[in-house]
Q: 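Structure provided below as structure tokens; questions to follow.
For the numbers below, each heavy atom of this structure counts, side chains included, while hydrogens, waters and symmetry mates do not.
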Amino acid sequence: MATGHTDPQRRARILDATLDLIAEEGIARVSHRKIAARAGVPLGSMTYHFSGMDDLLREAFGRFTDHFVAVFDAHLSAPTDAGQVREAVADLVHALSEGSQRDLVLAQELYTLAARQPAYRELTHEWMRRSRVHLEKHFDPATARQLDALIEGLTLHRALATEPHDRALTLEAITRITRTDTRAP
């Protein structure tokens, strides 16, 4: 059986398996045994790499939030003026709401966990802060905060609606919020 030294991807496989199982079954049904089986690692690897389920969940959700921030970065790093940023934010909302069902479920699982267990709020607060950093490159902090909340709300509404609203409505909502920004035209 391989050790962590000869299997450098073991930790990453455990984290990916954790997120996959949470997305498929919900956080309440995730166990060390299920994760180890999904990752294809010995059960003992779980305690070798992580001090417990909380440690594993924090790291797995940290990995997930890193992914989400990278999506923000991919959409918001290139635009240079307010009009381009508004278009990019609309693209972001539609990409998130039409994209991975796994990501939507994981975001809601993390929010629920953070609502129930304050220790996980650090992850959500850091995630929101990092997302707003991208928005604050283009808008004042108050507008960035409002826009961040709008992105999450519109994404969820579009993803769960039987008849999602169109891009024009998304862009109109973004424009309404950003129109009062002190730095945007």
Side-chain angles (χ1 to χ4, degrees), residues 15 18-19 22-23 26-28 54-185:
L15 293 170
T18 301
L19 293 172
I22 291 169
I27 205 161
D54 280 338
D55 183 36
L56 173 58
L57 290 176
R58 271 194 293 277
E59 192 162 336
F61 277 123
R63 184 180 183 101
F64 169 71
T65 61
D66 288 346
H67 159 71
F68 241 79
V69 172
V71 172
F72 261 69
D73 185 48
H75 280 84
L76 300 177
S77 62
T80 56
D81 66 40
Q84 290 174 343
V85 174
R86 289 179 183 118
E87 293 286 341
V89 171
D91 291 344
L92 174 63
V93 167
H94 286 253
L96 293 174
S97 63
E98 296 164 4
S100 167
Q101 185 69 25
R102 176 185 185 267
D103 287 352
L104 290 167
V105 170
L106 286 171
Q108 297 314 304
E109 288 281 349
L110 175 55
Y111 289 147
T112 301
L113 187 61
R116 290 187 175 134
Q117 296 184 34
Y120 289 90
R121 287 188 192 145
E122 295 171 26
L123 280 171
T124 57
H125 287 289
E126 181 62 11
W127 177 15
M128 289 181 229
R129 185 198 65 74
R130 291 173 63 199
S131 296
R132 283 193 309 266
V133 164
H134 291 291
L135 296 169
E136 288 175 3
K137 292 175 186 172
H138 308 284
F139 302 105
D140 67 66
T143 302
R145 184 176 290 271
Q146 294 169 8
L147 193 53
D148 189 36
L150 179 71
I151 290 167
E152 291 198 32
L154 288 176
T155 297
L156 187 59
H157 280 241
R158 284 196 86 255
L160 299 178
T162 56
E163 295 180 26
H165 68 268
D166 64 11
R167 192 174 187 289
L169 187 116
T170 301
L171 191 55
E172 179 185 344
I174 293 163
T175 301
R176 285 182 183 194
I177 285 178
T178 60
R179 189 179 304 144
T180 61
D181 180 78
T182 57
R183 296 183 337 198

Q: Return the set of residues passing salt bridge (charged side-chain N to carboxylate O under 4.0 Å, His left out) with R58 (not counting sequence neighbours), or none when no residue passes.
A: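 Testing R58 for salt bridge (charged side-chain N to carboxylate O under 4.0 Å, His left out), a comparison that skips the adjacent residues, returns none.
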Q: Which residues pass the salt bridge (charged side-chain N to carboxylate O under 4.0 Å, His left out) test with R167, not counting sequence neighbours?
A: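 Scan of R167 (salt bridge (charged side-chain N to carboxylate O under 4.0 Å, His left out), adjacent residues dropped) gives E87, D91.
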Q: Given the rule in the side-chain contact (heavy atoms from CB on, under 4.5 Å) test, do H138 and V89 qualify, once you have shown the distances and angles that lead to the verdict?
A: CA-CA 11 Å; H138 308 284; V89 171; over 6 Å; no
Q: Which pairs with one or both residues in residues 151-180 pass ring pair (Phe, Tyr, Trp, His ring centres under 6.0 Å), sequence neighbours excluded?
A: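 Residue pairs passing ring pair (Phe, Tyr, Trp, His ring centres under 6.0 Å), neighbours aside: none found.
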Q: Sequence neighbours excluded, which residues qualify as ring pair (Phe, Tyr, Trp, His ring centres under 6.0 Å) partners of F61?
A: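 None.
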Q: Quick one: list whatever passes side chain to side chain donor-acceptor pair (under 3.5 Å) with H67, sequence neighbours left out.
A: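 Per chain and number, H67 pairs via side chain to side chain donor-acceptor pair (under 3.5 Å) with D103.
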Q: Verify the neighbour count for atom CD of Q117: are there more than 12 heavy atoms of other residues, nucleotides or ligands below 6.0 Å?
A: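 Yes, CD of Q117 has more than 12 neighbouring heavy atoms, counting only those of other groups under 6.0 Å.
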Q: What's the shortest heavy-atom distance between A23 and L106, and which atoms?
A: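 For A23 versus L106, the nearest heavy atoms are N-CD2, 3.9 Å.
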Q: Rounded to the nearest 0.5 Å, how far does CZ of R145 lie from CG of D140?
A: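 These two atoms lie 11.5 Å from each other.
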Q: State the CG-CD1 distance between L113 and I27, to the nearest 0.5 angstrom.
A: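 Those atoms lie 4.5 Å apart.
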Q: I want to check something: taking the side chain as every heavy atom from C-beta on, are K137 and L76 in contact at a cut-off of under 4.5 Å?
A: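 Sidechains of L76 and K137: no contact.
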Q: If I compare all heavy atoms of T124 with all of A114, which pair ends up nearest, and what's the gap?
A: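 Looking at all heavy atoms of both residues, the closest pair is CG2-CB, 3.7 Å.
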Q: Just so I know, are the side chains of V69 and H134 near enough to count as touching, which here means a heavy-atom distance under 4.5 Å?
A: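 Contact flag for V69/H134 side chains = yes.
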Q: Side-chain contact test, heavy atoms from C-beta onward, threshold under 4.5 Å: evaluate it for E126 versus T65 and give yes or no.
A: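 No, every pair of side-chain atoms sits at 4.5 Å or beyond.
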Q: Determine whether Q108 and L156 make a side-chain contact, defined as any pair of heavy atoms from C-beta on separated by less than 4.5 Å.
A: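 Heavy-atom side-chain distance check passes, below 4.5 Å.
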Q: Taking the side chain as every heavy atom from C-beta outward, state whether T18 and E59 have any pair of such atoms under 4.5 Å apart.
A: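 No, their side chains stay 4.5 Å or more apart.
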Q: Measure across V105 and I22 and return the closest heavy-atom pair with its distance rounded to 0.1 Å.
A: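 What the structure gives for the nearest pair is CG1-O, 4.4 Å.
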Q: Please round to the nearest 0.5 Å and tell me the distance separating atom OG1 of T178 and atom CD of Q146.
A: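 Answer for the OG1-CD pair, T178 versus Q146, is 10.0 Å.
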Q: How long is the span from the CZ atom in R86 to the OG1 atom in T175, to the nearest 0.5 Å?
A: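 Here the rounded value is 5.0 Å.
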Q: Under the 3.5 angstrom rule, does the side chain of Q84 hit a backbone N or O of T80 as a donor-acceptor pair?
A: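 Yes, because the side chain of Q84 sits within donor-acceptor range (under 3.5 Å) of the backbone of T80.
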Q: How many angstroms lie between atom CG of L96 and atom CD1 of I151, to the nearest 0.5 angstrom?
A: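 That separation rounds to 8.0 Å.
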Q: Restricting to side chain to side chain contact (heavy atoms under 4.5 Å, CB included), what partner residues turn up for L104, sequence neighbours left out?
A: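 Scan of L104 (side chain to side chain contact (heavy atoms under 4.5 Å, CB included), adjacent residues dropped) gives Q101, T155, A159.
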Q: Within this structure, what is the OG1-CG distance for the pair T143 and D148, rounded to the nearest 0.5 Å?
A: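 Going from OG1 on T143 over to CG on D148, the span is 12.5 Å.
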Q: Specify the closest pair of heavy atoms between G26 and E109, including all atoms of both residues, with the distance to one decimal.
A: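 Distance-wise, the nearest heavy atoms are CA-OE2, 3.4 Å.
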Q: Excluding sequence neighbours, so at least two apart, what forms side chain to side chain donor-acceptor pair (under 3.5 Å) with E152?
A: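 For E152, the residues satisfying side chain to side chain donor-acceptor pair (under 3.5 Å) (neighbours in sequence not counted) are Y111.
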Q: Listed by chain and number, what are the side chain to side chain donor-acceptor pair (under 3.5 Å) partners of R63, not counting sequence neighbours?
A: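 Side chain to side chain donor-acceptor pair (under 3.5 Å) check on R63 returns D16.
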Q: Suppose we screen for ring pair (Phe, Tyr, Trp, His ring centres under 6.0 Å). Which residues come up paired with F68, at least two apart in sequence or across chains?
A: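 Here the qualifying residues are F64, W127.
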Q: Could I get the full list of side chain to side chain donor-acceptor pair (under 3.5 Å) partners for H125, not counting sequence neighbours?
A: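 Per chain and number, H125 pairs via side chain to side chain donor-acceptor pair (under 3.5 Å) with no residue.
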Q: Give me the atom names and distance for the closest heavy-atom approach of L135 to A144.
A: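 Result for this residue pair: CD1-O, 3.5 Å.
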Q: Got a sec, which residues hit salt bridge (charged side-chain N to carboxylate O under 4.0 Å, His left out) with D66, two or more places apart in sequence or on another chain?
A: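 Partners of D66 under the salt bridge (charged side-chain N to carboxylate O under 4.0 Å, His left out) test: R130.
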Q: Who pairs with E172 by salt bridge (charged side-chain N to carboxylate O under 4.0 Å, His left out), at least two apart in sequence or on another chain?
A: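 Partners of E172 by the salt bridge (charged side-chain N to carboxylate O under 4.0 Å, His left out) criterion, ordered by chain and then number, come out as R176.
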